[in-house]
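In what follows, a structure is listed as structure tokens, so that the remarks can point back to it.
Just so it is clear: chains get the letters A, B, ... in the order the sequence lines come, proteins before strands, and each one is counted from 1. The model shown is predicted, which means the values in this text are computed figures rather than measured ones.
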Protein chains: 2
Amino acid sequence: MSLSSYRSPFSEQTHDHSLCIIEALEIANKLCTQRGARLTPLRRQVLELIWQSHKSLGAYKILEKLQNTQGGRAAPPTVYRALDFLLKQGLIHRIASLNAFIGCLHPDSPHVGQFFICQTCGNTAELEAPHLHADLLQQAHQLGFKVEKSTIELMGVCPHCQSLVSL
Amino acid sequence: MSLSSYRSPFSEQTHDHSLCIIEALEIANKLCTQRGARLTPLRRQVLELIWQSHKSLGAYKILEKLQNTQGGRAAPPTVYRALDFLLKQGLIHRIASLNAFIGCLHPDSPHVGQFFICQTCGNTAELEAPHLHADLLQQAHQLGFKVEKSTIELMGVCPHCQSLVSL
DNA sequence: TATTGTATGTTATAATATACCTGTTAATAA
DNA sequence: TTATTAACAGGTATATTATAACATACAATA
């Protein structure tokens, strides 16, 4: 169970993003049901807002969007609580270098998020690179270090934006 | 030219940290001279504060320490400007997941910072793992992604703190 | 020493995040 | 059904991190 309709955030023109959103929400529903976690309307709405694109979204942008649909009633803690829940359930990741949040592509399997973030368009691809993580863990092992959480974020320029620059 | 007296931040008991500080400042001096960059007293002082330990230090902690020695005159931009300079010169790194700063172990060679950060004691080891970075770049290449900056931060428990827990 | 660019000082404010307290809702037990 | 409890959400204030904007001082060099 993971996001099959997802192709690449770096070819936004060529994938039907509404499918990403629908799938992400369906998976979220299923996982929360399985786990006895409550995907309340608010939490679901925040998840949906985050999934509007493959760009990461700041907490205050989310707040703004919430207020636009709710009549100005939400406050920062409302957003952060929903984000905390979604993070705990593995439904989103936090991008530390941007203080922003992004939907997780395979929330069902515990994993390490590795991100390629385009500085130009903001689109962000989550990678699965188990051998890379294995390398890191091996390095850690050599140091005697017990890894509990990893942050791997590569900033750069996506292929699409590179092609635009060269025009 | 790199920090030879440095052994491991995870064995703080067994290394003479004053040597780390002295070396770091010497190297900073040399590099700045070579490059025609001005390591002013303020910038030097900030670098020295950061090098007080192998733990990363937040901007406002630095500010506080500056004020203690300057008579309360420094303001946030003072610190951030010094930090910007030190970052540009590669003399320090920013730890994105902690919003904090740490001295660089080999500021003379451009490289990618990879950090092991102990959640218990705060000590942080910078790794050189070129093949790991090469892996990442290869992945990026496959995606057609041009990497410009990378953030690799592993949170966990250092060997020293693990041994304490097991007592 | 006049000029110019770099560095610093100063004030205000933006942007991100959390503490704390209060009320509401949902699930379960009596 | 109602009472009880725990999870959830609202709301206010405030902490923490970072930058904008403008003024002044200093240093290099022409």
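- A/Gln45 and A/Thr69 are linked by a side-chain donor-acceptor pair at a separation below 3.5 angstrom, with hydrogens and angles left out of the test.
- The phosphate of D/dA18 has OP1 or OP2 within less than 4.0 Å of a side-chain N or O from B/Asn99.
- Here D/dA18 presents its P atom at 12 Å from CG of B/Leu57, a figure rounded to the nearest Å.
- Rounded to a whole Å, the CZ atom of A/Arg43 is 6 Å from the C1' atom of D/dC8.
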Decide yes or no on side chain to side chain contact (heavy atoms under 4.5 Å, CB included) for B/Ile102 and B/Glu126, but give the supporting numbers first. CA-CA 9 Å; B/Ile102 192 158; B/Glu126 182 178 355; 5.9 Å; no
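- A close approach under 4.0 Å does not occur between any side-chain nitrogen or oxygen of B/Tyr80 and OP1 or OP2 of D/dT19.
- Per the geometry, CZ belonging to B/Phe85 stands 11 Å off C1' belonging to C/dA7, to the nearest Å.
- Distance, A/Leu98 CG to D/dA18 P: 13 Å, rounded to whole Å.
- Closest-nucleotide positions on DNA chain D for A/Ala75 and B/Ala59 were compared, and the one nearer the 5' end corresponds to A/Ala75.
- For B/Arg44 and C/dT8, the CZ to C1' distance is 19 Å, given to the nearest whole Å.
- With A/Glu153 contributing its side chain and A/Ser97 its backbone, the two residues share a donor-acceptor pair below 3.5 Å.
- Whole-Å rounding puts the B/Asp84 CG to D/dA20 C1' distance at 13 Å.
- For B/Thr78, a side-chain nitrogen or oxygen approaches OP1 or OP2 of C/dG9 to under 4.0 Å.
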Show, in sequence, the C-alpha distance, side-chain angles and deciding distance for A/Ser150 and B/Leu154, and conclude whether the side chain to side chain contact (heavy atoms under 4.5 Å, CB included) test is met. CA-CA 4 Å; A/Ser150 82; B/Leu154 305 182; 3.0 Å; yes
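- Between D/dA18, D/dC8, C/dG9, one nucleotide has an atom nearer to the side chain of B/Leu42 than all others, and that is C/dG9.
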Counting primed atoms plus P, OP1 and OP2 as sugar-phosphate and everything else as base, spell out the protein contacts along nucleotides 21-30 of chain D at 4.0 Å heavy-atom distance: B, S or - for each nucleotide, 5' to 3'. B-----S---
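- We find that CG of B/Leu39 is positioned 11 Å from P of C/dA7, with the value rounded to whole Å.
- Partners of B/Phe85 according to the ring-ring contact (aromatic ring centres under 6.0 Å, His included) rule, which considers only residues two or more places apart in sequence or in another chain, do not exist here.
- A straight line from CG of A/Leu87 to C1' of C/dT18 spans 15 Å, rounded to a whole angstrom.
- Evaluation of atom-type donor-acceptor distances gives a pair under 3.5 Å for the side chain of B/Tyr60 against the base of D/dA18.
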B/Cys32 and B/Arg38: side chain to side chain contact (heavy atoms under 4.5 Å, CB included), yes or no, with the steps? CA-CA 6 Å; B/Cys32 287; B/Arg38 291 167 54 196; over 6 Å; no
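- Of the possible polar contacts, none joining the A/Thr78 side chain to the A/Ala74 backbone as a donor-acceptor pair under 3.5 Å is found.
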